[in-house]
Q: 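Okay, handing you the structure first.
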Amino acid sequence: MGPIWPSYYGDCSAVLFMIDAANPTQISSSCIQLLSLLSAEQLASVSVLILFNKIDLPCCMSLVEMKSLFRMQDIVSCASQPITMVETSARDGTGLPDVLQWLQATLRDPS
Ligand SMILES: Nc1nc2c(ncn2[C@@H]2O[C@H](COP(=O)(O)OP(=O)(O)OP(=O)(O)O)[C@@H](O)[C@H]2O)c(=O)[nH]1
Ligand SMILES: [Mg+2]
């Protein structure tokens, strides 16, 4: 669906970017999608929450591994948007309270 994401950018108040932490083969394409999203003019001041999902699976990558593979430190320091990261499991609910809290705070005080 990546090619049609930009048609929604104009109405965006916050971005949740979900990465499948159990799928190392998608890391590079996911990273390119993220960089393209972060460089979109319409999203220049929209807060971004990156969700590392599927952390309940035994084969998932660790947060340290994923941050290093994505070069997250470089991405965060070059991006114009505030970027937050959270580990989640849509299956067992891990991290979901943090996601809701972030959404509430972000939509209350838009940057
Ligand atoms: N174990 C686990 N499974 C999940 C989680 N989130 C989604 N799924 C499962 O993942 C499957 C969907 O695959 P996703 O990778 O989320 O969706 P997708 O990327 O559109 O599909 P693929 O192209 O097959 O990867 C469904 O069976 C979901 O139940 C999670 O946090 N943990
Ligand atoms: Mg998938």
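When a ligand or atom number is given, it counts from 1 through the structure's own listing order.
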Q: Less than 4.0 Å between atom 26 (C) of ligand 1 and some protein heavy atom, yes or no?
A: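 Looking at atom 26 (C) of ligand 1, one finds that no protein heavy atom lies closer than 4.0 Å.
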Q: Restricting to side chain to side chain contact (heavy atoms under 4.5 Å, CB included), what partner residues turn up for S30, sequence neighbours left out?
A: F17, I19, F70
Q: Say whether, by atom type as modelled, one donor and one acceptor occur between the side chain of D98 and the main chain of V86 under 3.5 angstrom.
A: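 No; zero donor-acceptor contacts below 3.5 Å.
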Q: Could you check whether D56 pairs with R91 (Lys NZ or Arg NE/NH1/NH2 to Asp/Glu carboxylate O, under 4.0 Å)?
A: no
Q: Using a 3.5 Å cut-off on N or O atoms only, is D56 in polar contact with ligand 1?
A: yes
Q: Closest approach of S13 and T106, non-hydrogen atoms and distance?
A: O-CG2, 4.4 Å
Q: So W102 and L16, do their side chains get closer than 4.5 Å, heavy atoms only?
A: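 Yes, their side chains come closer than 4.5 Å.
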Q: Do L34 and M72 come within less than 4.5 Å of each other through their side chains, counting heavy atoms only?
A: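 Touching, per the 4.5 Å side-chain cut-off.
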Q: Any protein heavy-atom neighbour for atom 31 (O) of ligand 1 (distance below 4.0 angstrom)?
A: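 Given the 4.0 Å limit, the answer for atom 31 (O) of ligand 1 is yes, a protein heavy atom qualifies.
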Q: Which of the numbered atoms in ligand 1 are below 4.0 angstrom from a heavy atom of D20?
A: 15 (O)
Q: Using the side chain to side chain contact (heavy atoms under 4.5 Å, CB included) criterion, which residues pair with S62? Sequence neighbours excluded.
A: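 Side chain to side chain contact (heavy atoms under 4.5 Å, CB included) list for S62, sorted by chain: V64, E65.
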Q: Can you find a pair of side-chain heavy atoms, one from V76 and one from M85, that are under 4.5 Å apart?
A: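 Counting from C-beta outward, V76 and M85 do come under 4.5 Å.
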Q: Would you mind reporting whether C31 and I75 have side-chain heavy atoms less than 4.5 Å apart?
A: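 A side-chain contact under 4.5 Å exists here.
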Q: I need the nearest protein heavy-atom contact for atom 28 (C) of ligand 1: residue, atom name and distance, please.
A: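 Here the closest protein heavy atom is R91 NH2, 4.4 Å.
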Q: Protein heavy-atom contact under 4.0 Å for atom 20 (O) of ligand 1?
A: no
Q: Would you say A90 and ligand 1 have an N/O pair spaced under 3.5 Å apart?
A: yes
Q: Do any N/O atoms on N53 end up under 3.5 angstrom from N/O atoms on ligand 1?
A: yes
Q: Does the protein place any heavy atom closer than 4.0 Å to atom 23 (O) of ligand 1?
A: no
Q: Any idea which atoms of ligand 1 are less than 4.0 Å away from a heavy-atom of L57?
A: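 Near L57, the atoms of ligand 1 are 1 (N).
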Q: Heavy atoms only: which of M1, K54, Q26 lies closest to atom 4 (C) of ligand 1?
A: K54
Q: Where's the contact between N23 and ligand 1, heavy-atom distance under 4.0 Å: side chain, backbone, both or neither?
A: neither
Q: When you measure from atom 1 (N) of ligand 1 to the protein, is at least one non-hydrogen atom found at a distance under 4.0 Å?
A: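 Answer yes: something from the protein, a heavy atom, is under 4.0 Å.
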